[in-house]
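Right, one structure below, let's go through it.
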Amino acid sequence: MNKKKLMVIDGNSILNRAFYGLQGPNLLATSDGLYTNAVYGFINIMNKYIEEENPQYICVAFDLKAPTFRHKQFDGYKANRKGMPDELRVQVPVIKEVLDAMRIKRLEMEGYEADDILGSISLCAQQKGMEVIIITGDRDALQLADKDIRIKIPKTKGGKTETEEYNLETIHGKYKIEPVQFIDVKALMGDTSDNIPGVPGIGEKTALDLIQNYGTIENLYENVDNITKKALKEKLITYKEQAFMSKELARIERNMPFLCNIDELARVEFDKPRLYELFKRLEFKSFIEKFGLKDSQNQESFKVNIKRIKDKQGILELKNEIFEEKEMSFYYLIDKVDKFTNKLSGISISAKEGNSYYLAFNEDYNEKEFLEEFKSIFEDSDIKKYGHDLKNFIVYLKNRGIELNGIAFDTMIGAYIINPSRDTYTISELANDYLGLSVKSVEEMAGKGRNFMPFDAMDEEELKNVAGLYPEVIFKCKNKIEEKLGENDQIKLYYEIELPLVEVLADMEYYGFKVNVNELMSISRQLDEKIQELTVKIYELAGEEFNINSTKQLGVILFEKLELPVIKKTKTGYSTDAEVLEELADKHEIIPKILEYRQLIKLKSTYIDGLMSVINPVTGKIHSSFNQTVTVTGRISSTEPNLQNIPIKLEMGRNIRKAFVSSDENYRLVDADYSQIELRVLAHITGDVNMIEAFNKNEDIHASTASKVFGVPINEVTPLLRSKAKAVNFGIVYGIGDFSLSKDLGITRKEARAYIDGYLEKYANVKKYMHDIVVQGKEFGFVTTLFGRRRYLPELKSSNFNIRSFGERIAMNTPIQGSAADIIKIAMVKVYKELKARKLKSRLILQVHDELIIEAHVSEVEEVTTILKESMENAVKLSVPLSVEVKSGSNWYETK
DNA sequence: TCTAACACGC
DNA sequence: GACGTACGTGTTAGAA
């Protein structure tokens with residue numbers, strides 16, 4: 001007959017394990033700013049073992065009040081012991097909630113630790129003939145191992161969780177002692193991780209030997225005089241008290257007055273609706289899936305009538321409905337696999353909630369016919385359009401000669417404004433977050449990589465049933481998001497900056513940036529030649545051929561074969577990054593060659609080959625994607641290719657910019673740059689009179705900083721002092737600490753600290769701001785930019801110094817970087833509108849954080865220059881002037 | 001298919 | 001004295 005199984009979980013141990021990163025991500029926070037990483041890890045670990053063992057009985061033991069309470073009697077010892085971190089304390093009530101919703105019994109007893117409780121209950125269950133599995137993070141529990149009691153201890157190895165399992169046999173096998181004696185071994189050797197002191201100088205081997213010979217510490221000390229090794233004997237005597245104390249600390253109370261009614265621990269169904277609500281609140285989407293909570297009752301309220309349109313008749317019906325309602329929400333199906341294909345496979349449209357139409361363009365109805373029919377709707381600015389990720393659809397329409405007017409809401413952008421820290425903003429996530437609905441995701445249906453399935457290949461009925469729901473979700477999410485934007489005071493940010501920007505970015509993508517392929521090829525040939533030369537030279541100096549691109553192989557050559565000093569190590573071996581190589585530069589001839597090789601190979605692979613592969617064969621241009629929902633600070637990012645990191649600092653790389661040209665001889669490039677926008681924003685936000693004055697006088701700000709910090713008249717600032725001040729300014733703007741600054745300037749950390757302190761002393765309001773913003777961030781849980789963009793900062797509440805410091809730097813930096821991002825976005829919208837209003841041929845083609853590039857018709861260069869300067873400098877009124885420098889040229893190299 | 005190491009921009 | 005350091009993207013090597 002099978003024995004009944006009881007699983008006892010040591011809540012405190014597992015909680016600690018989960019928190020310190022055994023499972024789950026290190027920093028997990030909900031959009032409300034609540035830390036949930038330990039909660040997540042806890043559930044994950046617990047569930048793993050439940051699945052593995054499938055016990056009929058289960059309970060979790062806690063000693064939540066004070067993890068150290070039994071140690072109070074040992075004053076000196078307790079003083080060293082750290083208490084439970086604040087984040088853990090915050091998470092404990094949440095874990096309790098989860099357990100209650102899972103209907104798993106929690107055991108807590110006044111005056112006893114979790115260890116004691118699980119010890120008692122294990123022995124109790126064993127007497128009743130049950131099999132017991134103890135899940136714990138602590139080897140103390142080994143003293144409980146028995147033929148009917150197994151101990152499982154999760155361990156991390158290379159990021160993966162493995163389990164150590166012990167029972168009577170394995171402990172005999174491994175330690176050749178009785179499980180109960182384990183505690184004596186531990187008491188002797190101590191355990192630094194658990195702050196159990198033991199006897200210094202006694203390791204595992206000695207402790208095991210002693211206990212095998214003497215059985216217990218008590219017996220050992222009765223016979224301590226017979227020990228022949230003098231040093232050992234002395235150590236034992238000196239630390240006798242500590243040894244006994246350690247035994248007491250690690251001992252599990254096996255005879256406590258605690259008789260639990262085991263029947264109460266029988267597993268029952270989860271409280272599914274409650275668990276669902278809880279996981280939704282905590283944003284544990286994968287758990288909702290894992291625990292099969294998808295079909296909760298919320299689902300019922302979501303009913304949509306999805307009609308499939310198969311002919312012109314249906315289209316006309318839908319059109320009428322849209323003209324009547326004057327609004328529509330829609331979701332387009334364009335495969336995200338090849339940016340040049342750009343084919344519409346289907347679209348679902350709704351003019352009023354509850355009703356949606358789905359069109360597939362394979363056989364039913366022709367894509368072209370649909371566009372002809374719908375052109376009038378798309379271009380009608382009186383019909384409000386609600387969609388999700390509209391930018392790509394606008395580009396699609398532009399490519400077919402259709403404009404999208406009446407853009408009234410984009411749910412993806414809205415969700416980003418509410419919380420910019422998320423990784424993705426899919427419809428199904430939004431449905432879950434804002435509506436509590438679980439809707440299948442088309443992204444998942446499509447899969448990734450080799451499993452990718454284009455929309456045309458999917459099951460039609462299924463696709464209809466999924467995509468058909470989306471317009472409804474968009475309608476509903478729009479209302480929720482709008483409400484939230486209102487609460488957060490972000491209506492202006494959304495409607496006046498972000499939403500209009502969608503069209504601007506679409507336009508930039510549509511026009512693209514012309515490249516001169518011949519120029520690229522010519523640079524490519526030069527690079528090839530030099531790379532070849534360097535390769536030969538490097539092989540010669542190394543005395544053998546190897547893959548220079550492999551850091552692993554390079555490390556062996558440099559640090560083993562050539563025996564150069566190791567400066568720095570990485571997780572996996574020797575570090576060979578530029579910083580290390582520069583330090584070794586005069587130690588061996590090979591080093592400068594490698595540095596140069598690295599530089600050239602980067603240019604070749606990323607910028608020559610990389611750019612060549614993304615030139616659109618039809619337009620001969622590069623059409624980068626500009627992403628509006630990626631960065632946490634509000635900046636725009638650029639991908640496929642990234643046009644925001646084209647080289648400029650070194651001449652060799654800068655040449656790449658010669659290949660970026662205007663479309664033809666009728667056009668020129670006009671490039672406008674904000675000068676020191678972040679520092680100006682800083683001056684404005686802090687209201688620092690010194691800095692404001694410097695900008696108002698149009699001083700060289702770095703020289704001015706140098707003059708203040710180093711106490712010399714501004715006309716006596718040397719280039720060296722200026723560059724130091726520049727690095728400090730840079731550090732302030734980017735929120736780096738003394739550590740990074742010391743590296744940048746090649747000085748000690750102390751000196752760097754002194755520079756920063758000196759700076760803050762001279763700019764008193766900056767200092768005040770830096771302090772206040774952190775306090776404010778902590779109080780509200782987020783910081784904001786000048787235009788109300790938010791970033792949540794749960795890190796500020798961390799008790800971990802590093803995480804908290806990180807949060808503090810972000811709190812200081814985000815309002816500055818983010819406000820600068822707001823400003824250039826405002827300028828972009830202004831410029832775009834102005835070009836459109838004046839019906840100019842010129843157009844915006846690129847943004848690089850503080851720089852805008854317009855491809856201007858030769859007849860319009862002057863006008864465009866004025867528009868750029870005016871729009872950018874007057875984008876917003878600050879307490880310091882914004883200054884913009886404009887240059888033009890026939891290629892990007894010339895405009896700098 | 002994924003991660004680590006590296007390097008480019010603001 | 002912690003112990004790792006703004007925001008991004010892309011390429012290559014190498015392990016699973």
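These numbers were taken from a predicted model, which means no experiment stands behind them. Within every chain, numbering begins at 1; the chains are lettered A, B, ... in the order of the sequence lines, protein sequences first and strands thereafter.
Whole-Å rounding puts the Arg789(A) CZ to dC7(C) C1' distance at 13 Å. dC10(B) atom C1' lies 12 Å from atom CG of Leu846(A), rounded to whole Å. As a whole-Å value, the separation of Gln599(A) CD from dT11(C) C1' is 16 Å. Distance Leu611(A) CG to dC8(B) C1': 12 Å, rounded to the nearest Å. Distance, Asp609(A) CG to dC8(B) C1': 15 Å, rounded to whole Å. Rounded to whole Å, atom C1' of dC3(C) lies 13 Å from atom CZ of Arg804(A). The separation between Leu554(A) atom CG and dA5(B) atom C1' is 12 Å, rounded to whole Å. Taking atom CG of residue Asn655(A) and atom C1' of nucleotide dC8(B), one finds them 15 Å apart after rounding to whole Å.
Residue Asn642(A) has its side chain nearest to dG8(C) when only dC8(B), dG8(C), dC6(B) are considered. Closest to the Ser550(A) side chain, of the nucleotides dG14(C), dC6(B), dA6(C), is dG14(C). Set against dT9(C), dC10(B), dC6(B), the side chain of Thr576(A) has dC6(B) as its closest nucleotide. Across dG8(C), dC10(B), dC7(C), the shortest atom-to-atom separation from the side chain of Val848(A) is found for dC10(B). With dC7(C), dC6(B), dG9(B) as the choices, the nucleotide that has an atom nearest any side-chain atom of Arg598(A) turns out to be dC6(B). With distances taken from any side-chain atom of Tyr607(A) to the nucleotides dG14(C), dG8(C), dC8(B), the minimum falls on dC8(B). The side chain of Asn549(A) has dA13(C) as its nearest neighbour among dT9(C), dA13(C), dC8(B). In the set dG9(B), dA7(B), dC8(B), the nucleotide with an atom closest to the side chain of Asp577(A) is dA7(B). Closest to the side chain of Lys649(A), from the set dA13(C), dG9(B), dT9(C), is dG9(B). Looking at the side chain of Asn813(A), the nearest of the listed nucleotides dA6(C), dC8(B), dA5(B) is dA6(C).
Between Ser637(A) and dT9(C) there is a side-chain polar atom (N or O) within less than 4.0 angstrom of OP1 or OP2. The shortest distance between the side-chain N/O atoms of Lys552(A) and the OP1/OP2 oxygens of dA15(C) is below 4.0 Å.
On the C1' atoms, dA7(B) is 33 Å away from dG1(C), given to the nearest whole Å. One P atom belongs to dC2(B), the other to dA6(C), and the distance between them is 26 Å to the nearest Å.
Nearest heavy atoms, Trp892(A) versus Leu846(A): CH2-CD2, 3.5 Å. The minimum heavy-atom distance between Asn627(A) and Thr639(A), with the atom names listed, is ND2-OG1, 3.2 Å.
dC3(C): no Watson-Crick or G-U partner with both key distances under 3.5 Å is found in any strand. Across all strands shown, dC2(B) is found opposite dG14(C) as a Watson-Crick or G-U wobble partner, with both distances under 3.5 Å.
The residues Glu509(A) and Lys391(A) are annotated as salt-bridged, a charged nitrogen and a carboxylate oxygen being separated by less than 4.0 angstrom. Ionic pairing of Lys568(A) and Glu583(A) is not present here: no N-O contact between side-chain nitrogen and carboxylate oxygen is shorter than 4.0 angstrom.
No donor-acceptor distance shorter than 3.5 angstrom exists from the side chain of Lys887(A) to the backbone of Ala672(A), with no hydrogens or angles considered.
Contacts of Thr814(A) classified as side-chain hydrogen bond (donor to acceptor under 3.5 Å, both in side chains), with partners at least two apart in sequence or in another chain: Arg791(A).
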